Each structure stands twice: as structure tokens, then as C-alpha cells.
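I have placed the structure first, in the form of C-alpha cells, so that the comments after it can refer back to it.
These numbers come from the heavy atoms of this one structure, side chains and all, not from hydrogens, waters or symmetry mates. Numbers for residues simply follow the sequence, beginning at 1. All values derive from a computational prediction rather than experimental measurement.
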Amino acid sequence: MTVMDDWVTAACAELELDPSAVPVPAVLDLARDVAHQVLRPGAPVTAYLLGVAVGRGADPADAAALLSALAGTWPVELGADPADPTVP
């Protein structure tokens with residue numbers, strides 16, 4: 001078991017969720033896509049939005065794929081973080 005597996009299992013226990021229903025790879029891929037193609041702080045917010053959508057009945061994989069696709073088409077000029085000193 002990995003630290004991620006341990007964390008997800010413990011967090012799910014606290015929230016009374018089934019850890020086998022947590023699509024960890026899809027959430028991590030989505031967070032990566034948003035962080036790299038849109039804005040780093042957008043990653044946890046987008047993960048939250050994914051959770052809200054899933055809580056309302058959306059399929060986790062489908063919702064993550066939609067959001068990843070949106071991040072992939074996000075205009076670079078809109079994705080630049082003016083507060084990030086590494087962005088030219």
C-alpha cells in the first residue's frame with residue numbers, strides 16, 4: 001500500500017465513504033492538467049468542483065474527462081498567473 005492509498009482510506013473512513021469508489025488516478029490527472037494548463041490554484045478548486053458534480057450524480061470519469069478537456073483547450077493568455085514571477 002502507498003501513502004496515497006493510506007491517506008485515501010483514512011480520509012474515506014472519516015467521511016464514511018468507500019475508498020474503492022475514489023478514482024484517484026482520474027483526480028490526479030485532472031489536477032495536473034488544470035495546474036499545468038490553466039492555473040496551479042485552480043487544481044484543488046477543480047477537484048472540489050468534480051466532487052460536487054459527482055455528489056450530484058455525475059460519473060466521476062466522465063466529469064474528470066470533461067474538465068481535463070476544458071483545461072486542454074484553455075487559452076494560454078487566460079491561463080497565465082500574473083502573480084507567478086516565473087511567467088514572462
Side-chain angles (χ1 to χ4, degrees):
M1 217 178 214
T2 67
V3 174
M4 179 64 77
D5 294 331
D6 291 342
W7 168 251
V8 170
T9 299
C12 284
E14 289 296 316
L15 298 173
E16 299 179 8
L17 299 172
D18 176 6
S20 69
V22 179
V24 173
V27 174
L28 293 175
D29 289 346
L30 173 59
R32 178 203 61 222
D33 292 345
V34 173
H36 292 165
Q37 298 171 6
V38 181
L39 171 81
R40 283 183 197 266
V45 173
T46 304
Y48 171 81
L49 294 173
L50 174 66
V52 170
V54 170
R56 291 184 177 174
D59 176 79
D62 291 344
L66 286 171
L67 293 170
S68 285
L70 177 62
T73 63
W74 199 251
V76 173
E77 63 275 4
L78 294 180
D81 182 358
D84 185 348
T86 64
V87 176

When the side chains of residues 41-55 are checked against the rest of the protein, which donor-acceptor pairs come out under 3.5 Å, sequence neighbours left out?
residue: Thr46; atom: OG1; partner: Gly42; partner atom: O; Å: 2.6

Using residues 21-32 as the side-chain source, report each donor-acceptor pair under 3.5 Å to any protein atom, sequence neighbours left out, with the distance given to one decimal.
residue: Asp29; atom: OD1; partner: Arg32; partner atom: NH1; Å: 3.2

Could you pull out all donor-acceptor pairs under 3.5 Å where a side-chain atom in residues 2-12 meets a protein atom, sequence neighbours excluded?
residue: Thr2; atom: OG1; partner: Met4; partner atom: N; Å: 3.3
residue: Thr2; atom: OG1; partner: Asp5; partner atom: N; Å: 3.0
residue: Thr2; atom: OG1; partner: Asp5; partner atom: OD2; Å: 3.2
residue: Asp5; atom: OD2; partner: Thr2; partner atom: N; Å: 3.2
residue: Thr9; atom: OG1; partner: Asp5; partner atom: O; Å: 2.8

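Pairs passing the side chain to side chain donor-acceptor pair (under 3.5 Å) check and including a residue from residues 53-69, sequence neighbours excluded, read Asp33-Ser68. Sorted by first and then second residue, the side chain to side chain donor-acceptor pair (under 3.5 Å) pairs with a member in residues 13-24 read Asp18-Ser20; sequence neighbours excluded.
As a member of the Ile/Leu/Val/Met/Phe/Trp/Tyr network built from side-chain separations under 4.5 Å, Leu66 groups with nothing else and remains a singleton.
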